[in-house]
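Source: prediction; values computed, not measured. FYI, side chains are in, hydrogens and waters are out, and symmetry mates aren't considered; it's all heavy atoms of this structure. Numbers restart at 1 for each chain; the letters A, B, ... are given by sequence-line order, proteins then strands.
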Amino acid sequence: MQERYEPAAVEAEAQHYWDHQHSFEAKEDDSREKYYCLCMFPYPSGRLHMGHVRNYTIGDVLARFMRMKGHNVLQPMGWDAFGLPAENAAIANGVPPAKWTLDNIANMKAQLKSLGYGLDWTRELRTCDPAYYRWDQWLFLRMLEKGIAYQKTGVVNWDPVDKTVLANEQVIDGRGWRTGALVEKREIPMYFLKITAYAEDLLQALDHMPDWPERVRTMQANWIGRSEGVRLGFPHEIGEGGVLYAFTTRADTIMGVTFCAVAAEHPLAAHAAQDNPRLAAFIEECKRGPAVEAELATQEKKGMPTGLSVRHPISGEAVPVWVGNYVLMSYGDGAVMGVPAHDERDFEFAKKYGLSIQPVIDVDGRTYSTEAWQPWYSAHGRCVNSGRFDGLDYQGAVDAVAADLGAKGLGEKRVTWRLRDWGISRQRYWGCPIPIIHCTGCGAVPVPDEQLPVVLPVNLVPDGSGNPLLKCPEFLHVKCPKCGADARRETDTMDTFVDSSWYFLRFACADNDQAMLDYRVQHWLPVDQYIGGIEHAILHLLYSRFWTRFMHDMGALSFNEPFTRYFAQGMVLNEVFFRRPESGRVEYFNPSDVVLSTDKSTQRRVAVLRADGKEVESGGVVTMSKSKNNGVDPQALVDEFGADTARLFMMFAAPPEQSLEWSDEGVQGAFRFIKRLWKAVHEHVSRGSAPPLDKSALSEAQRAMRRQSHQTLAKVADDFGRRRTFNTAIAAVMELLNALGKFPQESPQDHSVQQEGLEIAVLALSPIIPHVTHALWQALGRRTALIDEPWPEVDAEALQSASVQLVVQVNGKLRGHISVAVDADEAAVRAAALAEPNVKKFVGAAPVRKLIIVPGKLVNIVV
RNA sequence: GCCCGAAUGGCGGAACUGGUAGACGCGCCGGACUCAAAAUCCGGUGGUGGUGACACCGUGUGGGUUCGAUUCCCUCUUCGGGCACCA
């Protein structure tokens with residue numbers, strides 16, 4: 001065995017071995033339990049970032065651990081290869097998105113390989129391949145047939161200069177990112193997927209997913225947003241007469257209605273604006289406003305009276321109708337009943353425009369004031385000032401109001417959802433073409449199955465103005481499949497979330513060019529463990545759950561839920577350094593160009609730019625991003641320290657679901673630990689080979705050492721398998737190694753105990769640092785390959801101990817420790833605790849009021 | 001604005017089911033080795049008081065439940081994620 005640890009050689013050797021043995025190629029095999037471990041596939045941006053490394057290391061540790069536990073593991077990898085960045089790169093560099101994307105994939109694949117992940121590359125897929133996206137198209141046509149895909153108009157951001165639809169991230173302060181032109185909103189025809197048809201099921205199933213994080217299930221439930229309430233009608237004689245409908249969850253406050261507010265897009269608003277130019281202008285202003293919910297919700301609440309009024313459905317009194325910029329056309333009926341006394345937004349609106357405020361709920365007899373909003377104003381209570389509803393509680397009032405309105409034909413109980421249908425049309429080039437042909441005679445005609453795939457031309461270079469597919473006659477001009485007349489191909493492509501909504505299915509059968517799925521899906525799916533960023537906790541996961549349900553309902557899948565267990569990993573953060581020149585923009589400096597030191601006199605930390613030796617400011621620790629220039633290139637790390645150090649640091653620095661702070665010193669520490677492990681094995685084997693362990697003839701010290709080895713083994717298995725806390729598993733092995741280092745090496749049996757401890761350390765760490773442990777396993781004299789080694793059994797005998805340490809508290813404060821026999825009875829424990837000198841001092845002459853014994857843990861004496 | 005999280009030494013974090021707060025690592029301090037430096041090894045390291053045994057204080061804020069709270073409940077503050085065309 002070599003004395004020095006040289007990661008480059010060790011890693012090349014291990015990776016070569018795995019490649020040569022095809023160690024990670026998964027075969028269907030009914031004799032072993034399958035384990036499908038999947039990490040979210042990357043967008044091929046060009047280089048791996050630390051978030052990828054973290055994600056894939058977590059997945060690889062679990063995959064390797066489950067493999068050792070005897071499972072038949074599938075861990076595949078692919079590329080989420082369509083998307084906006086490829087078009088942005090094309091605009092910047094004049095390179096077609098296809099070339100840019102494929103080059104990036106080649107680079108990133110090499111990086112993934114250098115990190116030693118146990119991936120089955122025979123199943124690799126790219127969503128930009130026609131062999132993949134033809135099934136996007138095929139399934140879209142099935143959705144059309146079932147009425148799950150349909151066409152309606154949707155709102156987009158329009159750049160009037162570039163004549164291009166902009167993504168939300170391309171709109172900066174209401175202006176186009178390239179032109180600076182004021183962005184307009186436009187309504188255009190789009191395709192939608194009716195995810196709302198599955199709302200109830202998507203929500204209820206969350207209760208039966210115990211292996212998803214609670215917070216993710218809560219986020220999804222809130223996103224779906226089931227509200228039980230009452231849809232009520234305000235009759236009116238405006239135009240041809242009719243009823244203004246509004247949904248409310250607070251029908252008990254109906255007698256407090258002092259106004260109604262409708263969205264700018266509401267028909268009543270349009271009607272009122274016909275002969276009211278000021279109102280028309282206000283409606284236009286609202287329509288131009290932000291499309292993003294976060295901005296909509298934080299903008300100043302504005303409104304304008306329509307001059308129209310509707311009749312209150314109970315009292316028959318006239319209620320004025322306003323247009324409000326805070327009313328969403330997409331929720332409920334696009335109108336709200338205004339109850340300023342019991343809704344904070346209505347309160348704010350009424351105060352601003354001098355509308356009357358009418359309290360109708362009594363909350364524990366508290367005094368209501370119209371001066372300032374108090375949180376309890378929106379609490380449930382009993383109806384007052386509400387005529388025949390007076391005295392009713394929340395549920396009673398809601399029932400009574402619903403019954404009353406029902407009798408009049410002006411409303412009923414109703415469930416409303418926050419979830420909206422999924423608009424999938426994108427007016428962009430680099431995506432999966434929507435398989436539709438537009439014919440002047442026949443309308444929108446689906447492309448026949450036998451003409452699939454509709455292949456995307458790969459050599460176009462977008463220039464930022466308009467969709468390049470519109471300028472591509474070979475693509476655009478086509479015959480109508482129905483009547484044969486000249487027709488035009490749909491140039492919109494699909495949202496990239498479509499591609500990622502089913503890729504996990506395709507990994508089971510990526511080589512099948514005849515069908516979307518085959519029998520192997522039944523073997524591998526559902527995914528046993530899905531791992532990915534918390535930022536995907538809602539959209540991607542919800543879309544995938546919806547997609548799986550649709551395929552189940554069409555008979556293609558036997559299961560409803562695609563991911564049995566989901567793990568949400570935390571973000572990777574790093575400190576950000578910058579200078580703010582007196583004039584001009586803030587300049588960010590990469591942390592690798594900054595030198596940190598501590599000023600001895602002031603104890604202040606000083607950050608200096610290496611290039612000019614002058615100070616830079618610190619902006620705190622934030623998510624690694626291009627814009628803040630605080631990313632660390634994983635490749636540099638692998639080149640300098642090796643993949644094992646990168647993997648070990650990532651797993652040790654923080655628990656995997658929490659955010660992780662980058663630290664150069666931490667990386668050094670991980671490297672140092674691997675070197676120590678290497679050295680420990682080297683010193684051990686240089687003493688010659690160990691004789692077999694004789695368990696019947698061990699000293700107390702040897703037994704204690706064995707106990708720690710096996711306790712560590714049990715803890716690591718629990719941390720990997722149940723808790724998913726790799727940081728504490730590593731800490732436990734570090735402790736074991738520290739103890740082995742202090743363990744005397746005098747007798748042959750000492751040597752054997754040491755051998756066993758080192759073998760446990762190597763096996764326990766092998767899922768995390770697979771390369772170096774591969775080499776150390778051989779060095780320890782084992783002739784098998786570590787990759788095929790099973791997870792070792794804990795020796796129950798080694799865990800046994802004759803005595804146990806107890807903590808003794810007096811009035812809840814720690815006062816001493818006692819050691820008692822494992823099988824000591826309560827009286828013996830009590831006596832030992834009261835006899836402890838320091839405990840005696842604190843108990844003194846006071847009578848013992850109560851004595852609590854927690855077996856195996858502590859004694860608390862209350863005096 | 002709404003929804004979901006998080007907050008513990010100089011720093012990252014540990015304490016798993018309400019039971020020893022600070023495991024493990026980093027940094028720092030002291031020492032060994034060295035002509036010297038790096039690397040490595042050994043020892044120390046929450047704060048205050050005390051020569052010391054030890055005592056008191058201490059888990060973002062303020063309150064509550066409990067024999068006992070970092071852990072459970074309520075309040076507030078700050079930071080992070082998501083908000084439907086970034087992926």
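The separation of B:U17 from B:G80, taken at their P atoms, amounts to 29 Å, rounded to a whole angstrom. Taking the P atoms as reference points, B:G25 lies 11 Å from B:C41, given to the whole Å. Taking atom P in both B:A53 and B:U45, one finds a spacing of 11 Å when rounded to whole Å. Taking the C1' atom of each, B:G12 and B:U20 are spaced 23 Å apart, rounded to whole Å. Distance noted for atom P between B:C73 and B:C79: 24 Å (whole Å). Rounded to the nearest Å, the gap between the C1' atom of B:C85 and that of B:C4 is 23 Å. Taking atom C1' in both B:A14 and B:U59, the straight-line distance is 12 Å, to the nearest Å. Rounded to whole Å, the separation between the P atoms of B:G43 and B:C26 comes to 14 Å.
With 3.5 Å as the limit, one finds no donor-acceptor pair spanning the side chains of A:S500 and A:D80. Judged by distance alone, the side chains of A:W79 and A:N104 never bring a donor and an acceptor atom under 3.5 Å apart. Checking A:T164 against A:D159 by side-chain atom types alone, no donor-acceptor pair falls below 3.5 Å. Under the 3.5 Å distance criterion, with hydrogens and angles disregarded, no donor-acceptor pair is assigned to the side chains of A:T712 and A:S709. Side chains of A:Q299 and A:E295: no donor on one and acceptor on the other come within 3.5 Å. With 3.5 Å as the limit, one finds no donor-acceptor pair spanning the side chains of A:W376 and A:D364. Counting only N and O atoms by type, the side chains of A:Q427 and A:N467 include no donor and acceptor under 3.5 Å apart.
Between A:N738 atom CG and B:G25 atom P there is a gap of 5 Å when expressed in whole angstrom units. Rounded to an integer number of Å, the gap from A:E575 CD to B:G12 C1' is 13 Å. Summarising the geometry, the separation between CG on A:L542 and P on B:C4 is reported as 16 Å, rounded to the nearest angstrom. At whole-Å resolution of the value, CG in A:L296 and C1' in B:G1 are 10 Å apart. Between the CZ atom of A:F726 and the C1' atom of B:G13 there is a distance of 16 Å, given to the nearest Å. In this structure, A:E657 places its CD atom 13 Å from C1' of B:A14, rounding to the nearest Å. B:C26 atom C1' lies 10 Å from atom CE of A:M734, rounded to whole Å. Atoms CD (A:Q711) and P (B:C24) sit 15 Å apart, rounded to a whole Å.
Residue A:H817 is in base contact, counting any heavy-atom pair closer than 4.0 Å across all strands shown. Using a 4.0 Å heavy-atom cutoff across all strands shown, A:D719 reaches no nucleic acid atom at all. Counting non-hydrogen atoms under 4.0 angstrom, A:K301 reaches nothing in the nucleic acid.
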Would you tabulate the pairs of protein nitrogen or oxygen atoms and nucleotide nitrogen or oxygen atoms of nucleotides 5-10 of chain B closer than 3.5 angstrom?
none

Under-3.5 Å N/O pairs linking protein and nucleotides 63-71 of chain B:
unit_1	atom_1	unit_2	atom_2	d
B:C67	O2	A:N860	ND2	2.3

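Its glycosidic angle being within 90° of 0, B:G9 falls on the syn side.
Remark: A:K841 engages no residue in a salt bridge (Lys or Arg N to Asp or Glu O under 4.0 Å) (not counting sequence neighbours). Checked against ring-ring contact (aromatic ring centres under 6.0 Å, His included), A:F743 has no partners two or more places apart in sequence or in another chain. By the side chain to side chain contact (heavy atoms under 4.5 Å, CB included) test, A:V667 is found to be paired with A:L637, A:F641, A:T645, A:F649, A:W662, residues two or more places apart in sequence or in another chain being considered. Qualifying side chain to side chain contact (heavy atoms under 4.5 Å, CB included) partners for A:K742, counting only residues two or more places apart in sequence or in other chains: none. Every residue was checked against the salt bridge (Lys or Arg N to Asp or Glu O under 4.0 Å) condition with A:R420, not counting sequence neighbours, and none meets it. Residues passing the salt bridge (Lys or Arg N to Asp or Glu O under 4.0 Å) test with A:E293 are A:R418, sequence neighbours excluded.
A:W678 places a side-chain N or O within donor-acceptor distance of the main-chain N or O of A:E3, the cut-off being under 3.5 Å.
Going from atom CG of A:L677 over to atom CG of A:L765 covers 6.5 Å, rounded to the nearest 0.5 Å.
Annotation: cation-pi geometry not satisfied between A:K679 and A:Y5 (NZ/CZ under 6.0 angstrom from ring centroid, within 45° of ring axis).
The nearest heavy atom of RNA chain B to A:T298 and to A:E661 marks one nucleotide each, and the one closer to the 5' end goes with A:T298. Taking for each of A:N222 and A:F652 the nucleotide of RNA chain B with the nearest heavy atom, the 5'-most of the two is the partner of A:N222.
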Q: Would you mind building the protein contact string for nucleotides 72-87 of chain B? One character per nucleotide, 5' to 3', B for base within reach (heavy atoms under 4.0 Å), S for sugar-phosphate only, - for untouched.
A: --------SSSBBBSB
Q. What string of B, S and - do you get for nucleotides 38-60 of chain B 5' to 3' if you count protein non-hydrogen atoms under 4.0 Å?
A. -SSS-------------SSS---
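Applying the side-chain hydrogen bond (donor to acceptor under 3.5 Å, both in side chains) test to every pair with at least one member in residues 183-193 of chain A, sequence neighbours left out, gives these pairs: A:T153-A:E187.
Stem regions annotated for RNA chain B: B:1-7 with B:77-83, B:10-12 with B:24-26, B:27-32 with B:40-45, B:46-49 with B:54-57, B:62-64 with B:72-74, counting only runs of 3 or more consecutive pairs of Watson-Crick or G-U type with both contacts under 3.5 Å.
Taking 4.0 angstrom as the limit, A:N727 places a side-chain polar atom (N or O) nearer than this to OP1 or OP2 of B:A14.
Ring geometry, A:H536 versus A:H540: the interplanar angle exceeds 60°, so the pair is classed perpendicular (tilted spans 30 to 60°).
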